[in-house]
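One structure is given below, encoded as structure tokens.
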Amino acid sequence: MTQYFRDAATASAAAFAAALSAFAATALLSGCASSLPVERFYSLTAGAPPSTASPADAGGAQAKTPLYIELQAVSVPQQVSRNQLVVTSGAGRVELLEQERWAAPLASEIGQALSLGVTAELGAIDVFRTPTPEQATVYRISTNVQRFESAPGQYALVDAVWSVRRIGGSGSSKVLTCRTFASEPVAAGYDALVAGHRRAVARIAAGISQAVRAQASGATPACPAAPQAAAGA
């Protein structure tokens with residue numbers, strides 16, 4: 001009988017120890033999980049306004065067919081071709097922010113923002129990788145971002161070379177190549193930094209829209225006037 005009680009006490013102690021170990025492990029895991037840094041994701045297209053223009057706005061009152069653009073894939077410098085935000089932290093030094101990330105690869109973010117901006121401005125249809133009617137006129141847009149700099153509390157800079165080429169239709173092929181240097185002052189914080197980049201990309205989209213509108217109306221296209229750079233950029 002004494003041996004029975006000893007065995008029972010030993011089993012109870014072992015069960016208690018196992019339960020205590022399980023509780024400690026759960027508490028430890030919960031503590032680790034709560035201390036993990038939170039990742040935040042940003043987009044250049046968040047809050048983009050819907051299109052309010054029509055093809056007639058771009059090509060004049062006589063425009064009866066949709067205005068087609070083809071915004072090709074955007075290229076960006078390799079230094080910023082990643083999901084993390086890359087910020088300048090001194091002369092010749094940059095930092096990768098592991099917890100501050102783009103919602104999509106940066107080139108895709110810029111391309112989508114430009115597409116939404118141009119189509120909203122012109123009431124156009126972006127037919128990239130989409131068939132178009134025979135003899136349709138398409139305005140092919142190429143964009144090469146040469147600089148994309150982020151300086152929190154200072155400026156957001158996008159320096160891009162872009163071209164608009166008229167292809168198809170009855171008109172002759174025309175191409176216009178321009179450069180837009182867009183630098184926006186920003187307040188402290190990453191939300192303000194991303195908002196500055198949205199404004200910079202919107203300025204590029206406005207310049208592209210101006211070139212497409214000129215070609216569609218038959219006017220001689222010209223590059224937009226270069227604005228003054230922000231201080232410190």
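The structure presented is a predicted model; accordingly, all values stated were derived computationally and were not measured.
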When clusters are formed by joining ILVMFWY residues with side-chain heavy atoms under 4.5 Å apart, either directly or through shared neighbours, do Leu96 and Leu85 land in the same one? yes

Is there a side-chain contact between Tyr68 and Thr137, using heavy atoms and a 4.5 Å cut-off? no

Okay, side chain of Arg199, backbone of Pro185: is any donor-acceptor separation there less than 3.5 Å? yes

Measuring only between side-chain heavy atoms, which start at C-beta, is Ile141 closer than 4.5 Å to Leu114? no

Could you work out, with salt bridge (charged side-chain N to carboxylate O under 4.0 Å, His left out) as the rule, every residue matching Arg40, not counting sequence neighbours? Glu100

Listed partners of Arg93 passing side-chain hydrogen bond (donor to acceptor under 3.5 Å, both in side chains), at least two apart: Ser89

Are Leu176 and Phe181 in one and the same hydrophobic cluster, where Ile, Leu, Val, Met, Phe, Trp and Tyr link if side-chain heavy atoms are under 4.5 Å apart? no

Beyond-backbone contact of Pro152 with Val186, side-chain heavy atoms, under 4.5 angstrom: no

Distance check, rounded to the nearest 0.5 Å: Gln72 atom CD versus Arg129 atom CZ? 9.5 Å

Can you tell me how far apart CG (Asp159) and CD1 (Ile204) are? Round to the nearest 0.5 Å. 8.0 Å

Can you find a heavy atom in the side chain of Ile110 that is under 4.5 Å from one in the side chain of Thr143? no

Minimum-distance pair of heavy atoms, taken over all atoms of Asn144 and Ser75: OD1-OG, 3.0 Å

Got a second to check how far Glu95's CD is from Ser150's OG, nearest 0.5 Å? 12.0 Å

When you measure from the side chain of Arg198 to the backbone N and O of Ser43, does any donor-acceptor pair fall under 3.5 Å? yes

May I ask you to test the Gln79-Val86 pair for a side-chain heavy-atom distance under 4.5 Å? no

Heavy atoms of Asn83 and Pro105 approach each other most closely as ND2-N, 3.9 Å

Pairs where residues 194-217 contributes a residue and the test ring pair (Phe, Tyr, Trp, His ring centres under 6.0 Å) is met, not counting sequence neighbours: Phe148-His197

Gap separating the CD1 atom of Ile208 from the OG atom of Ser163, nearest 0.5 angstrom: 9.0 Å

Do the side chain of Ser209 and the main chain of Ala205 share a donor and acceptor less than 3.5 angstrom apart? yes

Between Gln146 and Val161, what is the shortest heavy-atom contact and its length? NE2-CG2, 3.5 Å

By salt bridge (charged side-chain N to carboxylate O under 4.0 Å, His left out), which residues pair with Glu39, not counting sequence neighbours? Arg101

Just wondering, do Val145 and Val80 contact through their side chains at under 4.5 Å, heavy atoms? no

For Ala211 versus Pro221, what's the shortest heavy-atom pair and its separation? O-CB, 4.3 Å

Under 3.5 Å, is there a donor-acceptor pair between the side chain of Asp126 and the main chain of Thr119? no

Work out which heavy atom in Phe41 is nearest to a heavy atom in Trp102; give both atom names and the distance. CD2-O, 3.9 Å

With sequence neighbours excluded, give me every ring pair (Phe, Tyr, Trp, His ring centres under 6.0 Å) pair touching residues 127-147. none

For Leu193 against Ala151, the heavy-atom pair lying closest together: CD1-N, 3.8 Å

Which residues satisfy the side-chain hydrogen bond (donor to acceptor under 3.5 Å, both in side chains) test with Arg165, sequence neighbours excluded? none

Hey, does the side chain of Thr88 reach the backbone of Val94 with a donor-acceptor pair shorter than 3.5 angstrom? no

Backbone N/O of Ala104 and side chain of Glu109: donor-acceptor pair under 3.5 Å: yes

Inter-residue atom distance Gln84.CD - Arg82.CZ, 0.5 Å rounding: 6.0 Å

